[in-house]
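The structure displayed is predicted, hence computed values, not measured ones. When a ligand or atom number is given, it counts from 1 through the structure's own listing order.
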Amino acid sequence: MKITAIIPAAGDGERFGEKKQLKLLNGRPLIFHTIQPFVKSELINEIIVVVPKDNVNQLSRDFKSTITSKKIEVVEGGETRQQSVYNGLRISDEESKLICVHDGVRPFVTLALIEKVIKASMEHDGAILAAPSTDTIKKVMGDQILETLPRQTIWRAQTPQVFSKPALKEAIQIAIDEKLEGTDEASILEKIGYQIGFVEGSSLNIKITTKEDWIFAKAIYNELND
Ligand code: C5P
């Protein structure tokens with residue numbers, strides 16, 4: 001079965017202050033670290049990296065010159081993450097049955113985690129990685145707490161998130177038409193009634209969002225590559 005990995009990495013880094021997907025970690029742009037396990041996985045047939053317009057040509061050349069063992073495409077992103085994923089979806093191999101979406105700024109995903117979530121997706125309409133919450137989560141409004149959510153029911157969504165290609169296409173199309181914006185792909189499939197499973201990810205599979213996250217990223221990288 002053909003599986004396409006779509007790596008949205010077209011954010012403008014507003015919260016971070018620069019395009020963090022291109023920031024050097026041990027001398028290499030972060031996005032190169034992120035795609036490594038996808039290059040290695042024998043389950044993945046092609047990788048589509050979605051990047052800012054200004055970086056398409058350069059990154060396309062860089063990826064194609066360094067990655068020769070797998071088909072890799074680079075495409076321009078959209079206004080939102082959802083649109084970026086859709087741009088990737090549009091150029092995916094016609095024969096792909098599953099789409100594996102992974103944040104370009106989660107560089108510590110492993111081959112084992114990718115393959116675990118792909119296997120889990122086959123038992124549902126799709127599956128994601130998630131990690132149990134160690135914090136107690138409060139629902140708030142303004143400066144007041146409305147309620148405390150039972151911690152044992154709270155899991156933090158990670159990526160990869162893997163779905164059947166027609167289901168993901170349908171969900172994003174509906175979200176675009178109805179102007180719904182999901183912060184992940186699973187949320188829009190859930191909303192239209194698809195049954196999405198989850199398997200435990202890793203607390204090392206962090207998403208680099210803020211400057212503080214860069215401190216964790218360097219520490220994790222150093223620990224894993226000691
Ligand atoms: O905004 P968020 O932190 O959820 O971004 C997750 C991933 O989506 C990042 O890798 C970012 O580059 C990507 N993204 C994108 N297109 C956008 C916005 C974000 O590909 N328009």
Side-chain angles (χ1 to χ4, degrees), residues 4-25 28-39 44 46-60 62-63 72-92 99-110 113-114 117 128-131 155-163 168-169 171-173 175-176 179-191 201-217 220-221:
T4 297
I6 296 179
I7 316 286
D12 56 11
E14 205 180 311
R15 280 170 297 180
F16 192 82
E18 63 183 289
K19 288 177 191 161
K20 59 210 172 202
Q21 65 274 42
L22 303 178
K23 192 171 166 68
L24 300 185
L25 181 64
R28 275 200 315 168
L30 194 73
I31 187 68
F32 280 77
H33 293 277
T34 305
I35 66 171
Q36 266 330 300
F38 294 91
V39 174
I44 302 286
E46 67 168 348
I47 301 169
I48 299 172
V49 191
V50 191
V51 305
K53 186 174 186 216
D54 293 348
N55 303 103
V56 171
N57 291 341
Q58 182 68 49
L59 283 171
S60 183
D62 293 348
F63 284 132
I72 182 151
E73 299 290 345
V74 178
V75 67
E76 177 183 334
E79 282 276 295
T80 63
R81 175 206 157 87
Q82 205 162 275
Q83 280 165 355
S84 293
V85 172
Y86 198 61
N87 289 359
L89 206 46
R90 278 206 297 239
I91 64 153
S92 62
I99 303 288
C100 175
V101 182
H102 181 66
D103 292 326
V105 290
R106 283 189 196 268
F108 303 114
V109 69
T110 62
L113 286 174
I114 294 168
V117 67
I128 72 168
L129 288 184
W155 284 62
R156 292 177 293 120
Q158 300 183 342
T159 67
Q161 304 199 344
V162 185
F163 312 100
L168 180 60
K169 227 176 186 170
I172 298 188
Q173 193 59 66
I176 291 172
K179 298 193 167 42
L180 304 169
E181 198 57 55
T183 47
D184 72 351
E185 282 60 52
S187 61
I188 52 180
L189 276 93
E190 292 154 26
K191 218 171 255 163
S202 159
S203 46
L204 297 182
N205 183 24
I206 62 165
K207 179 155 77 85
I208 299 171
T209 305
T210 63
K211 286 277 183 203
E212 289 76 21
D213 295 330
W214 194 256
I215 299 172
F216 296 121
I220 294 170
Y221 182 87

Legend entry - Between CG on residue Leu89 and CZ on residue Phe163, distance to nearest 0.5 Å: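 Interatomic distance, Leu89 CG to Phe163 CZ, rounded to 0.5 Å: 11.0 Å.
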
Measure the distance from [atom] to every protein heavy atom, then report the residue, atom name and distance (to 0.1 Å) of the closest one.
{"atom": "atom 4 (O) of ligand 1", "result": "Lys207 NZ, 3.4 Å"}
{"atom": "atom 13 (C) of ligand 1", "result": "Pro8 O, 3.5 Å"}
{"atom": "atom 12 (O) of ligand 1", "result": "Gly11 N, 2.9 Å"}

Inset, instruction - Return the set of residues passing side chain to side chain contact (heavy atoms under 4.5 Å, CB included) with Thr183 (not counting sequence neighbours), or none when no residue passes. - result: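 Testing Thr183 for side chain to side chain contact (heavy atoms under 4.5 Å, CB included), a comparison that skips the adjacent residues, returns none.
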
Legend entry - Listed partners of Arg28 passing side chain to side chain contact (heavy atoms under 4.5 Å, CB included), at least two apart: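 With sequence neighbours excluded, Arg28 shows a side chain to side chain contact (heavy atoms under 4.5 Å, CB included) to Phe32, His33, Gln36, given in chain and number order.
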
By number and element, which atoms of ligand 1 are closer than 4.0 Å to a non-hydrogen atom of [X]?
{"X": "Glu79", "answer": "21 (N)"}
{"X": "Arg15", "answer": "1 (O), 2 (P), 3 (O)"}
{"X": "Val105", "answer": "9 (C), 10 (O)"}
{"X": "Ser84", "answer": "15 (C), 16 (N), 17 (C), 20 (O), 21 (N)"}

Where the side chain of [X] meets the backbone of [Y], is there a donor-acceptor pair that is under 3.5 Å apart?
{"X": "Asp103", "Y": "Val105", "result": "no"}
{"X": "Thr34", "Y": "Gly104", "result": "yes"}
{"X": "Gln158", "Y": "Val109", "result": "no"}

Inset, instruction - Could you tell me whether some N/O pair between Lys20 and ligand 1 is separated by less than 3.5 angstrom? - result: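 No, since none of the N or O atoms of Lys20 sits under 3.5 Å from an N or O of ligand 1.
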
Inset, instruction - Could you tell me whether some N/O pair between Ala10 and ligand 1 is separated by less than 3.5 angstrom? - result: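 The answer is yes, given that Ala10 and ligand 1 share an N or O pair closer than 3.5 Å.
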
Inset, instruction - Would you mind checking if Arg81 and Glu185 are paired as a salt bridge, meaning a charged N to carboxylate O distance below 4.0 Å? - result: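 Yes.
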
Legend entry - ligand 1 contact by Gly78, heavy-atom criterion under 4.0 angstrom: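 Flag set, Gly78 near ligand 1.
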
